[in-house]
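Residue numbers begin at 1 in each chain, while the letters A, B, ... track the order of the sequences. As a basis for the values below, the full set of heavy atoms in this structure was taken, side chains included, without hydrogen atoms, waters or symmetry mates.
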Amino acid sequence: MAPSPTGPLHIGTARTSLYNYLFARHVGGTFVLRIEDTDLERSTADFERDILDNLHWLGLTWDEGPQHAGDEDIGSFGPYRQSLRFDRYAREADRLLQTGAAYHCWCTPEELDAVRREQETRKEAPRYNGRCLSLTDADRARFDAESRKPVIRLKVPPETVRFDDLIRGPVEFDNALLGDFVIVRSSGVPLYHFVVVIDDEQMEITHVIRGEDHISNTPKHIALIRALGYREPVFGHIPLILNPDRSKMSKRKSQTGMSEYRSEGYLPEAMVNFLAFLGWSPGTEEEIFSLEELAERFDIGQVHKAGAIFDRDRLDYLNGVYIRSLTDADLALRLRPFVPTGVDDTTLARLVPLLKERMVRLTDAGELSGFLAETDEVVASWWSTDDLLPKGREASEVSGALGVARDALAECTTWSEEPLESAARSAADALGWKAGDFFRPIRLAVTGKPVSPPLFGSMVLLGRDATLARLDGAIQRLRAAAPA
RNA sequence: GCCCCCAUCGUCUAGAGGCCUAGGACGCCACCCUUUCAAGGUGGAGAUCACCGGUUCGAAUCCGGUUGGGGGCGCCA
């Protein structure tokens, strides 16, 4: 896997990494991570950190590459950051120049642009016209005198290139359409197509698994491989992850940053399971798989050819499944960053069983547990007296009922779920109210919300004093609101 | 414009010539359970397998074409 640190870890990059990981683990191979930071302008250490961190978070471990931002690499083919390998690229560029497989080109961007436009009006494939191939020594001397810096282009032989794609089968491309592409910038910094090929050879990469958007780059890479006399790896191009409109998933139309999903409370297990099934299935009706199980079952040959839309509803569903499958202790640990700091560890541990069944994302815990962390005043501000009234009930009736409830609860000698519930139910019966109607204003008064964790469990966590105080507060507000 | 790739319910997918009156899951709807919301259970709607033509006794599955969609055509990766 060769991510470029020109942005945070993208969902698509994560899925490609996952497939590389699963393939390597499945066949007992070596998973290599290389940082493609030849674009010095746009690559940053922060992006690299984000990529490595989130890959680790997903549980994808690699055998070779930089382990953490700033760390030393592991593996014997390093360095694994391209910015540290420029001397190797320069050597290979010289070699190509020497053999005549590559040449200098002094054309300016303006000149190239003009050629491109001309080709377009003639309905031809836009490609370099090879002008600098036929330069005289005098021309070269003139450019040197002007101290113009040339780029290096590969002389692409006009031949049909074939390769057998792991996923798509035989793919054919006419390299005559390619033109002589640039492999080293005028600044001397080599370009992506050139460096991947060199690194892949030197790092003894046997399988290149990448997004479908690279499929038309592959002929360029093969041309380079041949010019350099390298061994050709096996290529596999996996389908793209799509926006809802079926275009390539992009920041503009979708949420693409892995860290955003992470901070929204998605579990790495759910994300991995979800991503794995975007373009692959084990061919059975099972759908819940751990990373290990996926590695065991994964078959690169069964990967789909068509792209798949990123479906948030399905991710949510899977996340809920994984949350419910966690032990209470584990869930409490993972919930820590998502609940208000006012909720201490003991309370959190007792809260977990109440929350577990009703969470889609870890962030839901914040909403569901807010009533424990906020003051009585704040919680009271979440509702209005109208919210308290079940259909067809007057404020005076409800304040009376709340009073009955308050007294019944206050009489409980032990403040735990069962006695509280039976006290409340008997009170409802005595008044002739349906339990549901009776509980609604109590729930609002105690938790501040019409939707909350189970009512009596919530009361236990809140404690006797606060519960009764909130009930008293609600009764007073209702009395004030009710016409005398 | 040129090149490449793709095509099964709204979505993710099962499907490798007869097991398909096309299966599962998400989402949606209804009902059950129920102190709210979820979760869970049951059931339902939802796909003329993009279209046309071939091959075959038989095609979602093989072949050809059409249409539609996507990707790539940088001194980005």
K.L.:
Quick one: do the Tyr80(A) and Asp199(A) side chains pair a donor with an acceptor below 3.5 Å?
P.N.:
no
K.L.:
Considering only atom P, compute the distance from rA14(B) to rC75(B) and round it to an integer number of Å.
P.N.:
39 Å
K.L.:
Return the 5'-most residue of the pair Pro150(A), Val360(A) with respect to RNA chain B, ranking by each residue's nearest nucleotide.
P.N.:
Val360(A)
K.L.:
Assign Arg440(A) to base, sugar-phosphate, or nothing according to its heavy-atom contacts below 4.0 angstrom with the strands shown.
P.N.:
nothing
K.L.:
Using the P atom as the reference point in each nucleotide, state the distance between rA45(B) and rG54(B) in Å, no decimals.
P.N.:
35 Å
K.L.:
Report the base-pairing partner of rC73(B) (Watson-Crick or G-U wobble, both distances below 3.5 angstrom), or none.
P.N.:
rG1(B)
K.L.:
For atom C1', what is the distance between rG70(B) and rC31(B), given to the nearest Å?
P.N.:
43 Å
K.L.:
At under 4.0 Å between heavy atoms, what does Val182(A) touch on the DNA or RNA strands: base, sugar-phosphate, or nothing?
P.N.:
sugar-phosphate
K.L.:
Below 3.5 Å, can you tabulate the donor-acceptor pairs from side chains in residues 451-459 of chain A to any protein atom, sequence neighbours excluded?
P.N.:
residue   : atom : partner   : partner atom : Å
Ser452(A) : OG   : Arg443(A) : NH1          : 2.7
Ser458(A) : OG   : Pro453(A) : O            : 3.4
Ser458(A) : OG   : Pro454(A) : O            : 2.8

K.L.:
With sequence neighbours left out, what residues match Glu286(A) under salt bridge (charged side-chain N to carboxylate O under 4.0 Å, His left out)?
P.N.:
Arg297(A)
K.L.:
Looking at residues 276-288 of chain A, who's got a heavy atom less than 4.0 Å off RNA chain B?
P.N.:
Phe277(A), Leu278(A), Gly279(A), Ser281(A), Gly283(A), Glu285(A), Glu287(A)
K.L.:
Give Arg324(A) one of three labels, base, sugar-phosphate or nothing, depending on what nucleic acid heavy atoms sit under 4.0 Å from its own.
P.N.:
sugar-phosphate
K.L.:
Determine which nucleotide pairs with rU61(B), using a 3.5 Å limit on both distances of a Watson-Crick or G-U wobble pair.
P.N.:
none
K.L.:
Counting the atoms with a prime plus P, OP1 and OP2 as sugar-phosphate, which does Asp437(A) contact under 4.0 Å by heavy atoms, base, sugar-phosphate, or nothing?
P.N.:
nothing
K.L.:
Identify whether any heavy atom of Tyr192(A) sits under 4.0 Å from a base atom; if not, whether one sits that close to sugar-phosphate; answer base, sugar-phosphate or nothing.
P.N.:
base
K.L.:
For nucleotides rC51(B) and rU67(B), find the distance between their C1' atoms and express it as a whole number of Å.
P.N.:
7 Å
K.L.:
Report the base-pairing partner of rA22(B) (Watson-Crick or G-U wobble, both distances below 3.5 angstrom), or none.
P.N.:
none
K.L.:
Output side-chain donor-acceptor pairs under 3.5 Å for residues 154-163 of chain A, partner residues at least two apart or in another chain, one line each.
P.N.:
residue   : atom : partner   : partner atom : Å
Lys155(A) : NZ   : Gly100(A) : O            : 3.1
Glu159(A) : OE2  : Arg226(A) : NH1          : 3.1
Arg162(A) : NH1  : Glu172(A) : OE2          : 2.9

K.L.:
Would you indicate what Arg42(A) reaches in the nucleic acid, counting non-hydrogen atoms under 4.0 angstrom: base, sugar-phosphate, or nothing?
P.N.:
base
K.L.:
rG15(B) and rC62(B): how far apart are their P atoms, nearest whole angstrom?
P.N.:
13 Å
K.L.:
Using chain A heavy atoms and a threshold of under 4.0 Å, write down where along RNA chain B the contacts begin and end, 5' to 3'.
P.N.:
rG1(B) to rA77(B)
K.L.:
When you compare rC63(B) with rG44(B), how far apart are their C1' atoms, in angstrom units rounded to a whole number?
P.N.:
40 Å
K.L.:
Salt bridge (charged side-chain N to carboxylate O under 4.0 Å, His left out) with Arg117(A): which residues, sequence neighbours excluded?
P.N.:
Asp113(A)
K.L.:
With heavy atoms under 4.0 Å as the rule, sort Glu417(A) into base, sugar-phosphate or nothing.
P.N.:
nothing
K.L.:
Ignoring hydrogens and geometry beyond distance, is a side-chain donor-acceptor pair present between Tyr103(A) and Asp180(A) at under 3.5 Å?
P.N.:
yes
K.L.:
Between Pro450(A) and Leu40(A), which has a closest nucleotide on RNA chain B that is more 5'?
P.N.:
Pro450(A)
K.L.:
Considering non-hydrogen atoms only, spot the tightest contact between Ile167(A) and His304(A) and give its length.
P.N.:
CG2-O, 3.7 Å
K.L.:
Could you tell me which nucleotide pairs with rC33(B) by Watson-Crick or G-U wobble geometry, both distances under 3.5 Å, or answer none if nothing does?
P.N.:
none
K.L.:
Have a look at Pro454(A) and say if it touches a base, only the backbone sugar-phosphate, or nothing, with a 4.0 Å heavy-atom cut-off.
P.N.:
base
K.L.:
Expressed as a whole number of Å, how far does the P atom of rC26(B) sit from that of rG40(B)?
P.N.:
8 Å
K.L.:
Output yes when a side-chain donor or acceptor of Trp62(A) lies under 3.5 Å from a complementary backbone atom of Pro66(A), and no otherwise.
P.N.:
yes
K.L.:
Both distances below 3.5 Å, Watson-Crick or wobble geometry, any strand: find the nucleotide opposite rA14(B).
P.N.:
none
K.L.:
Taking all atoms of both residues into account, what is the closest heavy-atom pair of Glu417(A) and Val460(A), and its distance?
P.N.:
N-CG2, 3.6 Å
K.L.:
Under 4.0 Å, counting only non-hydrogen atoms across every strand here, what does Ser247(A) touch: a base, just sugar-phosphate, or nothing?
P.N.:
sugar-phosphate
K.L.:
Distance only, no hydrogens: is a donor on one side chain within 3.5 Å (strictly under) of an acceptor on the other, for Thr44(A) and Asp46(A)?
P.N.:
no
K.L.:
For Ser281(A) and Phe277(A), indicate whether the former's side chain and the latter's backbone hold a donor-acceptor pair under 3.5 Å.
P.N.:
no
K.L.:
Answer with base, sugar-phosphate or nothing: what part of the nucleic acid does Leu240(A) contact at a heavy-atom distance below 4.0 Å?
P.N.:
sugar-phosphate
K.L.:
How far, in whole Å, is rG65(B) from rA7(B) if one measures between their P atoms?
P.N.:
16 Å
K.L.:
So His237(A), base contact, sugar-phosphate only, or nothing? Heavy-atom distance under 4.0 Å.
P.N.:
nothing
